[in-house]
Protein chains: 2
Amino acid sequence: MITKKAEYAIIILTELASHPQGTVVTSKEIARSRALPPNLVVQLLAVLKEEGWTGGTRGPSGGIKLLVDPSEINLRQVIEIIDGPIGITRCLFSDTPCQNKTHCSLRGVWARAQNNMLSVLEEVTIRDLAEKAPRDC
Amino acid sequence: MITKKAEYAIIILTELASHPQGTVVTSKEIARSRALPPNLVVQLLAVLKEEGWTGGTRGPSGGIKLLVDPSEINLRQVIEIIDGPIGITRCLFSDTPCQNKTHCSLRGVWARAQNNMLSVLEEVTIRDLAEKAPRDC
DNA sequence: ATATAATATAACCAATCTAGTTATTTATAA
DNA sequence: TTATAAATAACTAGATTGGTTATATTATAT
């Protein structure tokens with residue numbers, strides 16, 4: 001399952017993308033305006049920063065800003081950064097087809113189902129969300 | 001995530017479907033031939049029985065058999081019987097769009113992604129698996 | 001300079017879920 | 001009547017989730 005943390009990270013990026021480029025927003029402000037747990041916002045920003053997507057300046061009048069074009073970040077990327085690799089079944093995490101059987105038709109079904117899902121998550125970007133919905137979940 | 005239990009249930013049904021109609025198989029035989037934990041097989045068969053898909057006769061020379069046409073059972077059904085409703089995010093479990101916002105574009109994305117996945121799981125039946133793969137995960 | 005506002009980092013925790021195990025009961029064929 | 005098999009129920013260790021708490025660090029307004 002896609003975790004709430006991943007969802008929160010998407011919302012944080014969307015919030016940042018909905019501010020004029022170059023301006024900074026404090027993590028508390030992000031948390032308040034999107035009704036997210038403030039401590040989680042800080043925690044997630046650390047991961048987004050590590051990815052190079054966001055950066056912050058400290059001290060009074062400091063804050064966070066987006067460092068990349070929001071159209072360059074799709075939802076699959078955000079989810080995988082926060083949650084790790086996506087897999088709708090455990091089967092898809094192991095790189096060898098289950099145990100000692102040569103091929104596994106179930107695995108093929110899982111893979112097709114998952115790819116169908118991922119194609120949607122890949123084609124939607126943070127920019128899309130920022131444009132279409134000023135305020136989200 | 002689709003649990004191993006759901007996957008096991010699919011495998012159990014596939015195993016049953018790969019035997020001549022009307023013949024019975026013991027739960028231990030199912031477990032052995034597909035390398036599943038025997039106790040879990042028993043546990044899952046209880047659920048499948050409740051659904052009316054399988055039935056058993058007790059005692060010596062007893063066993064389990066399929067009660068319905070395997071082409072009538074698709075993977076989505078099995079997963080939902082075992083795991084409960086499918087949701088790739090928590091958001092999709094609540095029937096009201098998040099909190100106090102009128103609409104949520106993220107929710108729409110999740111729904112589209114999930115439906116793309118489900119369409120694959122709905123179009124594949126136990127019969128398909130039984131035909132294409134004698135032995136699976 | 002220095003208090004303060006803010007990011008940044010790390011460790012911790014309760015509740016739930018997963019993937020089982022164990023034990024007991026009931027029905028039936030031989 | 002007894003061995004065999006399904007059926008039912010309760011329990012459990014370990015992992016994951018969705019947080020909280022505590023502390024360190026840094027930049028800037030005064």
Side-chain angles (χ1 to χ4, degrees), chain A residues 1-12 16 23-32 35-67 79 82-91 93-94 137, chain B residues 1-12 16 23-32 35-67 79 82-91 93-94 137:
Chain A
M1 163 136 34
I2 296 161
T3 65
K4 278 195 173 189
K5 285 184 183 178
E7 199 166 323
Y8 292 166
I10 291 169
I11 293 171
I12 290 167
L16 287 171
T23 61
V24 300
V25 196
T26 70
S27 66
K28 274 182 187 164
E29 177 60 18
I30 297 172
R32 198 198 51 73
L36 304 178
N39 317 74
L40 261 188
V41 171
V42 170
Q43 190 178 106
L44 292 168
L45 281 171
V47 183
L48 299 178
K49 181 200 173 194
E50 206 172 344
E51 192 61 22
W53 287 340
T54 61
T57 56
R58 303 180 178 188
S61 84
I64 311 280
K65 63 179 163 188
L66 258 190
L67 298 181
I79 295 165
I82 302 294
D83 289 346
I86 295 173
I88 63 169
T89 63
R90 302 209 179 275
C91 176
F93 285 121
S94 67
C137 294
Chain B
M1 165 139 32
I2 296 162
T3 66
K4 279 195 173 188
K5 285 186 181 176
E7 199 165 323
Y8 291 166
I10 291 168
I11 293 170
I12 290 168
L16 287 171
T23 60
V24 299
V25 196
T26 70
S27 66
K28 273 181 186 163
E29 178 59 19
I30 297 172
R32 198 197 51 73
L36 304 178
N39 318 74
L40 259 190
V41 171
V42 169
Q43 188 179 108
L44 292 168
L45 281 171
V47 183
L48 300 178
K49 181 200 173 195
E50 206 173 342
E51 192 61 22
W53 287 340
T54 62
T57 56
R58 302 180 179 190
S61 84
I64 311 280
K65 63 179 162 188
L66 257 191
L67 299 181
I79 294 165
I82 302 293
D83 289 347
I86 296 173
I88 63 170
T89 62
R90 302 209 179 275
C91 175
F93 285 121
S94 67
C137 294

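Just the heavy atoms: all of them, side chains too, but no hydrogens, waters or symmetry mates, feed the values below. Source: prediction; values computed, not measured. Convention: sequence-line order gives letters A, B, ...; per-chain numbering from 1.
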How would you label the contact of B:Lys28 with the nucleic acid (heavy atoms, under 4.0 Å): base, sugar-phosphate, or nothing? nothing
Is the shortest side-chain N/O distance from A:Ser27 to OP1 or OP2 of C:dT7 below 4.0 Å? yes
What nucleic acid atoms does B:Lys4 come within less than 4.0 Å of, heavy atoms only: base, sugar-phosphate, or nothing? sugar-phosphate
A:Leu66 and A:Trp53 have their tightest heavy-atom pair at CD2-O, 3.5 Å
Closest to the A:Ser61 side chain, choosing from C:dA6, D:dA5, D:dA29: D:dA29
Over how many whole Å does the gap from A:Leu44 atom CG to D:dG19 atom P extend? 10 Å
Where the side chain of A:Thr26 is defined as all heavy atoms beyond and including C-beta, which of D:dT28, C:dT21, C:dA6 is the nearest nucleotide? C:dA6
Rounded to whole angstrom units, what separation is found between the CG atom of A:Asn39 and the P atom of C:dA11? 17 Å
Between B:Arg58 and B:Asp83, the residue closer to the 5' end of DNA chain C by nearest nucleotide is B:Asp83
Which part of the nucleic acid, if any, lies within contact of B:Ile64, taking any heavy atom under 4.0 Å across all strands shown: a base, the sugar-phosphate backbone alone, or nothing? sugar-phosphate
Between D:dT20 atom P and A:Lys5 atom NZ, what is the distance in whole Å? 11 Å
With a cut-off of less than 4.0 Å, is there a side-chain N or O of B:Arg90 near OP1 or OP2 of D:dG18? yes
For A:Ile30 and C:dT7, what is the distance between atoms CD1 and P respectively, to the nearest whole Å? 8 Å
What integer distance in Å separates A:Leu40:CG from C:dC12:P? 18 Å
Considering only NZ, NE, NH1 and NH2 on the basic side and carboxylate oxygens on the acidic side, decide whether A:Arg32 and A:Glu29 come within less than 4.0 Å. yes
Interatomic distance where CG belongs to B:Leu48 and P belongs to D:dT8 [whole Å]: 13 Å
Taking the side chain as every heavy atom from C-beta outward, state whether B:Lys65 and B:Leu67 have any atom pair closer than 4.5 Å. yes
Would you indicate whether the side-chain heavy atoms of A:Glu51 and A:Leu48 approach each other to under 4.5 Å? no
Whole angstrom value for the distance that separates P of C:dA6 from CZ of A:Arg32: 13 Å
Would you kindly compare B:Val25 and A:Gly59 by the position of their nearest DNA chain D nucleotide and give the one closer to the 5′ end? B:Val25
A:Pro60 side chain: which of D:dT28, C:dT18, D:dT4 is closest? D:dT28
Could you check A:Ile79 against A:Ile10 for side-chain contact (heavy atoms from CB on, under 4.5 Å), going step by step and ending with a plain yes or no? CA-CA 8 Å; A:Ile79 295 165; A:Ile10 291 169; 4.2 Å; yes
Atom pair distance, as rounded to whole Å: NZ in B:Lys65 and C1' in D:dA5: 15 Å
N or O in side chain of B:Tyr8 less than 4.0 angstrom from C:dA19 OP1/OP2: no
Winner on side-chain proximity to A:Gln43, out of C:dT4, D:dG19, D:dA7, is D:dG19
